[in-house]
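The structure appears below as structure tokens.
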Amino acid sequence: MHTAVQSITHLRPIRDNAEFERIHALADKLTDEVGDDESHPLFSMFELVLQLISDWASRNVVIPDVEPRDVLRNLLETNNLKQIDLGEIASHTLISDILAGRREISKRLAKALAERFNVDVAAFV
């Protein structure tokens, strides 16, 4: 059985960019098919594919060496957000001070920002 599934999906650790593209395309197809339905028969395969992508990214995606405030600024711009939109995490004044370089990002705030933007906390420390 596992050989049959392997021959169709070719699931294995991603070793190069071509395999990454192939697995990413499979993830897109599974997203369309499975969505958020955890009872779908392909949901476990979907989770496995996402884990393969995550493992590849953790080994191969290089976070540029930039100031944490610049990461925050970029995430705000990319997500079309304003400082005030982070009110559930920190005050507008604190965010403004961080972006201006007057304050550093605390560990607690780094964790909250990482969760908010779904990125590694290392981007903010």
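Note that the coordinates shown come from a computational prediction; the quantities given were computed from them, not determined experimentally.
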Practice item. Verify the distance criterion only: is there a donor paired with an acceptor across the side chains of Asp55 and Gln51 at less than 3.5 Å? Key: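 Note: Asp55 and Gln51 side chains meet the donor-acceptor criterion.
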
Using a 4.5 Å cut-off on heavy atoms from C-beta on, say whether the side chain of [Y] contacts that of [X].
{"X": "Ile23", "Y": "Leu11", "result": "yes"}
{"X": "Ile98", "Y": "Leu109", "result": "yes"}
{"X": "Leu52", "Y": "Trp56", "result": "no"}
{"X": "Ile105", "Y": "Leu113", "result": "yes"}
{"X": "Glu19", "Y": "Pro13", "result": "no"}
{"X": "Lys82", "Y": "Leu76", "result": "no"}
{"X": "Leu75", "Y": "Phe124", "result": "yes"}
{"X": "Phe117", "Y": "Asn79", "result": "yes"}

Least distance between heavy atoms, [X] atom then [Y] atom:
{"X": "Arg69", "Y": "Gly101", "value": "NH1-CA, 3.8 Å"}
{"X": "Asp120", "Y": "Ala114", "value": "C-CB, 4.1 Å"}
{"X": "Ala110", "Y": "Val125", "value": "CB-CG1, 3.9 Å"}
{"X": "Leu99", "Y": "Gln83", "value": "CD1-NE2, 3.4 Å"}

Review point. Checking Thr31 side chain against Ala27 main chain: does a donor-acceptor pair fall under 3.5 Å?
Key: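 Looks like yes, one N/O pair under 3.5 Å.
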
**Study point:** Backbone N/O of Asn74 and side chain of Thr78: donor-acceptor pair under 3.5 Å
**Key:**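 Between the backbone of Asn74 and the side chain of Thr78 there is a qualifying donor-acceptor contact (under 3.5 Å).
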
**Study point:** Steps toward salt bridge (charged side-chain N to carboxylate O under 4.0 Å, His left out) verdict (Asp70, Arg73)
**Key:** CA-CA 5 Å; Asp70 294 328; Arg73 182 176 291 112; 2.8 Å; yes

Check your understanding: Thinking salt bridges, do Glu88 and Arg116 make one under a 4.0 Å N-O criterion?
Key ->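 Looking at Glu88 and Arg116, the cut-off is met.
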
